[in-house]
Structures are given as C-alpha cells and as structure tokens.
Engineer: 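Sharing a structure with you now.
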There are 2 protein chains.
Amino acid sequence: MSDRGAGQTGGRGESLLFLTDDQLRRGIEAMFFAYRGFTADPDRILAEYTYGRAHHRAIHFINRSPGTTVNNLLDILGVTKQSLNRVLRTLIQDGLVESRVGTRDRRERHLFLTEEGEALERQLSEAQRRRMRAAFREAGPEAVAGFRTVLEQMMDPEMRKHYQTMKDGW
Amino acid sequence: MSDRGAGQTGGRGESLLFLTDDQLRRGIEAMFFAYRGFTADPDRILAEYTYGRAHHRAIHFINRSPGTTVNNLLDILGVTKQSLNRVLRTLIQDGLVESRVGTRDRRERHLFLTEEGEALERQLSEAQRRRMRAAFREAGPEAVAGFRTVLEQMMDPEMRKHYQTMKDGW
DNA sequence: CAGTTTATGTCAGCCTTGTTGACTTTCCAA
DNA sequence: TTGGAAAGTCAACAAGGCTGACATAAACTG
C-alpha cells in the first residue's frame, strides 16, 4: 500500500531492526504503561460517582452513535448482554441514558444520552482528550499518524470496522 | 527536541488539524480497540490455565528483571500488595516463580522465574509478539517510531522511568 | 540497646465487572 | 400462527481490584 520507507538505513533493503524481540518487548510495555495513563484521568472522575470503566465505555459509544441499539453496543464492547445490561440499567435508572423503543423494529432499544449523561460524557472525554492532546502535540503529526497506523494493525479485523465507521446515527 | 515537521501542510506554521476533538476521539478509540487486540492472544492462552492477566503481568516483569523485589513490582504494576501477593502466592505454589531471600537486605524477596515459569512466559510473549510483529511490519519503521513516541507521552511520568529502565538485574 | 521504620505476608470483607445458564416477554416475518 | 430474534431478568460464580487490621523479621536510628 503506502511507501513504508527504509528509515535510517536509507537503502532499499529494510534493516528490520525494529522487529527484534527486544523492540517488540518495548512496544508491549509501551502499550501497558500508556494504557494505564490513558485510563487514569477518567478513572479518577468515575471514582467520585459509583461508576467504573464499564460505564464510561457505554457512555462513550452511546455518545458517538446516538440511537445505537443494545446489540450494536454488545458487538462493539465485546461483553455479554448480562454485563452490559447491568451497566445500562444503572445508567438508565440514574437518568444518564434514555432507552427508546425502536419505530421500525419495536424489539430494539435505541440508546441516547440525556442532558445529564452528556454532561458526564463531556467531563470524562475532556479529561481523556486533555492527556491525548498533550501527547499528540509533543509527538507531532507524523508520530500521530504512525501511532494510529500501528494501533489499527493491532486490532482484530472485526474491530477495525467499528473504528472506521463513524456515522451510524438514527 | 526532534523536528516535528509540518506534515502535509508544508508550511512552517503547523496546521494543528491533528489536534481536533474528532482526531482525538479517533485516537481514544484506537487505544481502546487496539488494547483489546493486544491482550486477546495471551488471554486465550491464560484461559487454559487458572491464570488471568494479573499473572501475565507479574510473569512478564519478573522475566524482564530477574531478581526484582516485591516492592519494585508493586511500583511497576500499580496495585496493592494484597492484590499482587495473591497472584505471586499462586505462581510460587505452582512452581512458576521462585522467591529468594535477599543477601544484602534479608527483608527483601527477590523473584525469579523457574524453568516452568519461563516456558509459560515464552508461550505468552510469543503470542503477543506475533501480533505486534505483524502490526509493526505492516506499519513500517517510521510508524513504529511514532507509535512509541505518542505512547511514551501518554504515560504518567513515573511510569516513563520504568519503561526506559531496562537493566536492573541482581 | 530501645524504639521506629521498612519489607513482606496474611486474613477478612467489599466492589466492579466479567462469565454461564436458564427463563420470560415482546414482536417481526415467513 | 408460529418460529426465532431481540431484549431483559435472575442466580450464581470468579478474577482481580480495593481497604483495614495485624504479624513478623530485619534494618536503621538515636
């Protein structure tokens, strides 16, 4: 596909030094430590409520795709419906999420954030974006492009479609 | 530090388009979906035993720094000693990890993988490296450099030192 | 030497969030 | 009208976080 270049070696035969076990181990640890940072700020906010990461994930993807169905969310989040249902139930009871019966198919429930839900979503995502913005700014646009390329390759293929599909509102 | 370039805009004033909220949201989702992929292969292997991700993390960092102390591991993993101890106890009982009393300071316990522990470590890390290697290869060396730069910026500063410190054997 | 701090281990209990299995209700579509 | 999909619920369980309290041994300190 794209020109992958030969990096610092300059020749047409790539050095492949970036594929050594040691480099891979560094990549593995980078994922581990960075993911901790990635979740740290929202976790602190969630701890002030009775919510956890599972609630954050549901709120995030409902906000991204207002009107998404429960089945759709299940597919994205990769958990059982019992797990998701427990989370959705509390969010609905607490008035952060609204569940509307589908018009075309009245078995389906379409999920929306309420005003209050949107307020929490903003609080969480602003904290998370602040850190990512700082990281992106420090790293620069080319590093960000590489970051996204590698992460996309690391996903399971089925997840890649969720990552790319951004417009499934109702 | 390094030249961050101006990307496609070519001018000396960076476009900053890579810092929009939408780009940041894509980065957030990339982290979410990629981390799922990142843990998927080891998780499948661990499920065949009675172990979980917590055991994998302990095994990984003991393998990286043979002879590391319990306190050292606690700092790296960021959990309570009770949580870590539960994991270490089973690994020691199962003969995957050996705990040796320190010579200089006999309060300390130094942790090592046994032959059997190393065998499981290899199985887990080979699975994880396989995916990372494929992602790195597809993305190319420049993307990998960017990937690591962004992730490093995303870490909490205290974690960055663990990421960089690679030589603390005993 | 006495007292304090440090490193580790352990017990008990709690919470979140994942799982499986069984079952019901609703309701679209053949 | 009936089969099956979508959704929801209940129960039980496990992993792996957490807090708090307490024990022991070793090292350090005045």
Side-chain angles (χ1 to χ4, degrees), chain A residues 32 35-36 39-40 42-62 67-94 97-111 170, chain B residues 32 35-36 39-40 42-60 62 67-94 97-112 170:
Chain A
F32 172 67
Y35 198 79
R36 285 255 298 281
T39 55
D43 281 356
R44 268 189 288 271
I45 294 167
L46 291 159
E48 298 170 19
Y49 303 76
T50 32
Y51 302 135
R53 257 181 229 181
H55 300 83
H56 184 189
R57 293 196 279 266
I59 287 173
H60 174 95
F61 285 105
I62 294 172
T68 188
T69 62
V70 172
N71 248 4
N72 210 327
L73 259 192
L74 283 176
D75 193 24
I76 289 175
L77 297 176
V79 297
T80 60
K81 66 175 176 174
Q82 292 92 331
S83 273
L84 177 56
N85 196 258
R86 179 169 36 199
V87 165
L88 285 179
R89 205 187 317 156
T90 69
L91 291 176
I92 291 168
Q93 281 169 356
D94 295 353
V97 167
E98 194 192 345
S99 166
R100 297 188 204 150
V101 173
T103 47
R104 252 187 12 202
D105 183 338
R106 280 156 51 200
R107 288 168 303 183
E108 295 182 337
R109 299 300 136 90
H110 298 271
L111 303 168
W170 270 259
Chain B
F32 173 69
Y35 198 78
R36 283 255 297 281
T39 55
D43 281 354
R44 269 188 288 273
I45 293 167
L46 291 159
E48 296 169 21
Y49 303 75
T50 31
Y51 302 136
R53 258 179 228 179
H55 301 83
H56 182 190
R57 292 196 279 265
I59 287 172
H60 173 94
I62 293 172
T68 188
T69 62
V70 173
N71 249 1
N72 209 329
L73 258 192
L74 283 176
D75 193 25
I76 289 175
L77 297 176
V79 298
T80 59
K81 66 173 177 174
Q82 293 92 329
S83 279
L84 177 57
N85 195 257
R86 180 168 38 198
V87 165
L88 284 180
R89 205 187 316 159
T90 69
L91 290 175
I92 291 169
Q93 281 170 357
D94 294 356
V97 167
E98 193 192 344
S99 166
R100 295 187 205 150
V101 173
T103 48
R104 250 188 12 200
D105 184 336
R106 280 153 56 198
R107 289 171 302 179
E108 295 181 338
R109 300 298 136 90
H110 297 271
L111 304 168
F112 300 86
W170 272 259

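A note on names: the letters A, B, ... follow the listed sequences, proteins ahead of strands, and every chain is numbered from 1.
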Engineer: Any side-chain N or O of Thr80(B) under 4.0 Å from OP1/OP2 of dC18(D)?
Structural biologist: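 Indeed, a polar side-chain atom of Thr80(B) lies that close.
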
Engineer: Examine dA5(D): is either OP1 or OP2 under 4.0 Å from a nitrogen or oxygen in the side chain of Asn71(A)? Give yes or no.
Structural biologist: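 Looking at the OP1 and OP2 atoms of dA5(D), neither is under 4.0 Å from any side-chain N or O of Asn71(A).
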
Engineer: Between C1' on dT17(C) and OH on Tyr49(A), what's the gap in Å once rounded to a whole number?
Structural biologist: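 From Tyr49(A) OH to dT17(C) C1': 21 Å.
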
Engineer: Taking atom types as modelled, find out whether Tyr49(A) and Asp94(A) have a side-chain donor-acceptor pair closer than 3.5 angstrom.
Structural biologist: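 Note: Tyr49(A) and Asp94(A) side chains miss the donor-acceptor criterion.
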
Engineer: For Arg36(B), is there any backbone N or O sitting under 3.5 Å from a side-chain donor or acceptor partner on Thr39(B)?
Structural biologist: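 Answer holds: yes.
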
Engineer: Treating Ser83(A) as the side-chain partner and Thr80(A) as the backbone partner, does any N or O pair qualify as donor plus acceptor under 3.5 Å?
Structural biologist: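 Checked: no pair found.
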
Engineer: Take Lys81(A) and Val70(A) through the side-chain contact (heavy atoms from CB on, under 4.5 Å) test and state the conclusion after the steps.
Structural biologist: CA-CA 8 Å; Lys81(A) 66 175 176 174; Val70(A) 172; 5.6 Å; no

Engineer: Without decimals, in angstroms, what is the distance between His56(B) NE2 and dG16(D) P?
Structural biologist: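 So the NE2-P distance, His56(B) to dG16(D), works out to 13 Å.
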
Engineer: Whole angstroms only, please: what is the CG-P distance between Leu84(B) and dA15(D)?
Structural biologist: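 One finds 17 Å between P of dA15(D) and CG of Leu84(B), rounded.
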
Engineer: Of all the choices, dG8(D), dT8(C), dT19(C), which nucleotide is nearest to the side chain of Ser83(A) once you look at every atom?
Structural biologist: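 Nearest nucleotide to the side chain: dT19(C).
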
Engineer: Give the rounded distance in Å between these two atoms: CD1 of Ile92(B) and C1' of dT8(C).
Structural biologist: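 So the two atoms are 11 Å apart, to the nearest Å.
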
Engineer: Does dT17(C) have its OP1 or OP2 closer than 4.0 Å to a side-chain nitrogen or oxygen of His55(A)?
Structural biologist: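 For dT17(C), OP1/OP2 do have a side-chain N/O of His55(A) under 4.0 Å.
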
Engineer: Without decimals, in angstroms, what is the distance between Asp43(A) CG and dT16(C) P?
Structural biologist: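 Roughly 13 Å, once rounded to whole Å.
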
Engineer: Of Asn72(A), Leu77(A), Thr68(A), which meets side-chain contact (heavy atoms from CB on, under 4.5 Å) against Phe61(A)?
Structural biologist: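 Of all the options given, the one that passes is Leu77(A).
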
Engineer: Mind checking if Thr50(A) touches a base, just sugar-phosphate, or nothing, with heavy atoms under 4.0 Å?
Structural biologist: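 The residue Thr50(A) makes sugar-phosphate contact but no base contact.
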
Engineer: Nearest whole angstrom, please: distance from the C1' of dA7(C) to the CG of Leu73(B).
Structural biologist: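 Rounded to whole Å, this separation is 14 Å.
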
Engineer: Side chain of Ala54(B) only, heavy atoms from C-beta on: which candidate in dA7(D), dT17(C), dG16(D) is closest?
Structural biologist: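 Selected nucleotide: dG16(D).
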
Engineer: State which residue, out of Asn85(A), Leu73(A), Leu84(A), fulfils the side-chain contact (heavy atoms from CB on, under 4.5 Å) condition with Val79(A).
Structural biologist: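 With Val79(A) as partner, Asn85(A), Leu73(A), Leu84(A) yield a single side-chain contact (heavy atoms from CB on, under 4.5 Å), made by Leu84(A).
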
Engineer: Got a sec, which pairs hit salt bridge (charged side-chain N to carboxylate O under 4.0 Å, His left out) with one end in residues 46-60 of chain A, sequence neighbours left out?
Structural biologist: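 As it turns out, the salt bridge (charged side-chain N to carboxylate O under 4.0 Å, His left out) pairs with a partner in residues 46-60 of chain A, which skip direct neighbours, are Asp43(A)-Arg53(A).
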
Engineer: So, is Arg53(B) near the phosphate of dA15(D), with a side-chain N or O under 4.0 Å from OP1 or OP2?
Structural biologist: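 For dA15(D), OP1/OP2 do not have a side-chain N/O of Arg53(B) under 4.0 Å.
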
Engineer: Under 4.0 Å: is that the gap between some side-chain N or O of Arg89(A) and OP1 or OP2 of dG8(D)?
Structural biologist: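 Indeed not, no polar side-chain atom of Arg89(A) lies that close.
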
Engineer: Within less than 4.0 Å of OP1 or OP2 of dT9(D), is there a side-chain N or O belonging to Asn85(A)?
Structural biologist: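 For Asn85(A), the contact criterion (side-chain N or O under 4.0 Å from OP1 or OP2 of dT9(D)) is met.
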
Engineer: Expressed as a whole number of angstroms, how long is the span from Leu77(B):CG to dG17(D):P?
Structural biologist: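 About 9 Å, once rounded to whole Å.
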
Engineer: For Leu111(B) and dT8(C), give me the distance from atom CG to atom P, rounded to whole Å.
Structural biologist: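 Atom CG in Leu111(B) sits about 8 Å away from atom P in dT8(C).
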
Engineer: Would Glu98(B) and Arg100(B) satisfy salt bridge (charged side-chain N to carboxylate O under 4.0 Å, His left out), going step by step from the backbone distance to the final call?
Structural biologist: CA-CA 6 Å; Glu98(B) 193 192 344; Arg100(B) 295 187 205 150; 3.3 Å; yes

Engineer: Should the side chain of Arg86(B) and the base of dG9(C) be counted as holding a donor-acceptor pair, with the cut-off at 3.5 Å?
Structural biologist: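 For Arg86(B), whose side chain was compared with the base of dG9(C), there is no donor-acceptor pair (under 3.5 Å).
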
Engineer: List the protein contact pattern of nucleotides 21-30 of chain C with one symbol per nucleotide (5' to 3'): B for base contact, S for sugar-phosphate-only contact, - for none; contact means a heavy-atom distance under 4.0 Å.
Structural biologist: BB---BBS--

